Peer 1: 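Got a structure here, written out as structure tokens. Questions coming.
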Amino acid sequence: MNPYFEKLKAAIEANPPNLGDGNSVLTLLYETYSELNRLDNEAIRAGLDELYKLMNGMPLKEMDKIINPVCQLCRDHEHAGFVEGIKIGIQLRSELAED
């Protein structure tokens, strides 16, 4: 099987895949996943509505100082969960191949 993988690796190096804005297949998979599965669902909207209620009366600039890191944290959390899910899938595939 090694000669096959060596030829495949050489072919990919000669004609690299178009990964879009990402720098890896995993990034491309995540970007596609996130485009098809928007973060904007009922639970997240309800949580953000509650946060906005708690910030009622704050100046917009102060609200942005809170909302922007919260949204980034949500995106980072989703991305980390996606990546770990892929890793677990790869591990499962490896374990199944051993049997």
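Not measured: the values here are computed from a predicted model.
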Peer 1: Report the distance from atom NE2 of H79 to atom CD of E84, rounding to the nearest 0.5 Å.
Peer 2: 10.5 Å
Peer 1: Taking atom CG of L92 and atom NZ of K87, what is their separation to the nearest 0.5 Å?
Peer 2: 16.0 Å
Peer 1: In the single-linkage hydrophobic clustering (I, L, V, M, F, W, Y; side-chain heavy atoms under 4.5 Å), do Y4 and I12 co-cluster?
Peer 2: yes
Peer 1: Is any side-chain heavy atom of P69 closer than 4.5 Å to one of L73?
Peer 2: no
Peer 1: Can you tell me how far the NZ atom of K65 sits from the CD atom of E62, to the nearest 0.5 Å?
Peer 2: 4.0 Å
Peer 1: Output the distance between atom CE (M63) and atom CE (M55), rounded to the nearest 0.5 Å.
Peer 2: 4.0 Å
Peer 1: Run the salt bridge (charged side-chain N to carboxylate O under 4.0 Å, His left out) check on R45 and E42 step by step: do they pass?
Peer 2: CA-CA 5 Å; R45 278 194 296 274; E42 286 297 319; 2.5 Å; yes
Peer 1: Rounded to the nearest 0.5 Å, how far does CG of L51 lie from CD1 of I44?
Peer 2: 13.0 Å
Peer 1: How long is the gap from CG on N56 to NZ on K53, to the nearest 0.5 Å?
Peer 2: 10.0 Å
Peer 1: Apply side-chain contact (heavy atoms from CB on, under 4.5 Å) to the pair Y30 and I86, showing each step before the final yes or no.
Peer 2: CA-CA 10 Å; Y30 173 72; I86 294 292; over 6 Å; no
Peer 1: Please check if F82 and I90 belong to a single hydrophobic cluster, counting links between Ile, Leu, Val, Met, Phe, Trp and Tyr side chain heavy atoms closer than 4.5 Å.
Peer 2: yes
Peer 1: Could you check whether Q72 and N68, counting side-chain N and O atoms only, form a donor-acceptor pair closer than 3.5 Å?
Peer 2: no
Peer 1: When you check the gap from the basic side-chain N to the acidic O, do E78 and R75 get nearer than 4.0 Å?
Peer 2: no
